[in-house]
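Okay, so here's the structure we're looking at.
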Amino acid sequence: MKRRVAILISGRGSNMTALIEAAKEHDVPAEIVVVISNKADASGLPNARDRGVPAVILESKPFGNDRAGFEAELQAVLDDNRVDLICLAGFMRLFTAEFVQRWQGRMLNIHPSLLPSFPGLDPHGQALRAGVKISGATVHFVIPETDAGPIVMQGAVAVRDDDTPATLAARVLQIEHRIYPDALRLVAGGGTRLDGGVCRTTAHGRSGDTLISPELA
Ligand code: GRF
């Protein structure tokens, strides 16, 4: 049976679109049943509706610091839609520890760095300032700490000397659109198991897969 998935967005929703498109494939054990945005002007909303996915606006601003109040409304939408799994996709609002615990092992996030490096704001600027030669994106289960939690999947790109945060972000975003749907497929299909703070999976990288950067000619 397909797992019922909610995607939470605040903006452009390109990862949301990638998840919706991928879930249309017959062999994907996940169905995107609702998109929820905490911003009325999120530009991703029409893309969800155009693809036949109901999109709900639940403005968080009127709740101010009342996180629990916002989460009660959010939980009601999730209950109404009998949601099994949540995918955060550029959702710019922090949760209470209580909400995160309720969804422990059932809520995923994507962050555009190779966690645990560069959590938080401006991950691409952080990566460039650190001078790393490889960066990428991480899909992880959500825990109360921001941009942390058991790692489900990562994808990497070479960092170039002439990269700016914008050029690096664009290359990493392409990776995000590949790994988030794959990670959802893995989790929804029961291919992951939480072992303490570590996610074990039935999938693994191909042996011989390497990325060396910079690579000499
Ligand atoms: C992505 O880079 C994601 O990793 C981060 O926020 C950005 C959202 O982009 N959490 P989009 O809204 O999915 O296009």
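Start at 1 and go down the list; that is how both ligands and their atoms are numbered. All heavy atoms count here, side chains included; hydrogens, waters and symmetry mates do not. Starting from 1, each residue takes its place in the sequence as its number.
- Annotation: side chain of Val152 is not in contact with side chain of Leu184 (no heavy-atom distance under 4.5 Å).
- Residue Gly13 has at least one N or O atom closer than 3.5 Å to an N or O atom of ligand 1.
- Protein heavy atom at the shortest distance from atom 11 (P) of ligand 1 is Ser14 N, 3.4 Å.
- The protein heavy atom nearest to atom 8 (C) of ligand 1 is Gly90 CA, 3.7 Å.
- Using modelled atom types, no side-chain atom of Thr192 and backbone atom of Val187 make a donor-acceptor pair closer than 3.5 Å.
- What sits closest to atom 2 (O) of ligand 1 on the protein, heavy atoms only, is Glu176 OE2, 3.0 Å.
- Counting heavy atoms from C-beta outward, Arg93 and Ser10 have side chains that stay 4.5 Å or more apart.
- By the 30° and 60° cut-offs, the orientation of the rings of Phe95 relative to Phe91 is parallel.
- The protein atom (non-hydrogen) at minimum distance from atom 10 (N) of ligand 1 is Ile110 O, 2.9 Å.
- Among protein heavy atoms, atom 9 (O) of ligand 1 sits closest to Arg12 NH2, 3.1 Å.
- Side-chain contact between Leu85 and Leu108: absent, with no pair of heavy atoms (C-beta onward) separated by less than 4.5 Å.
- Residue-ligand proximity: Ile9 is placed with every non-hydrogen atom at 4.0 Å or more from ligand 1.
- Ala137 approaches Val172 most closely through the heavy-atom pair CB-CG1, 3.9 Å.
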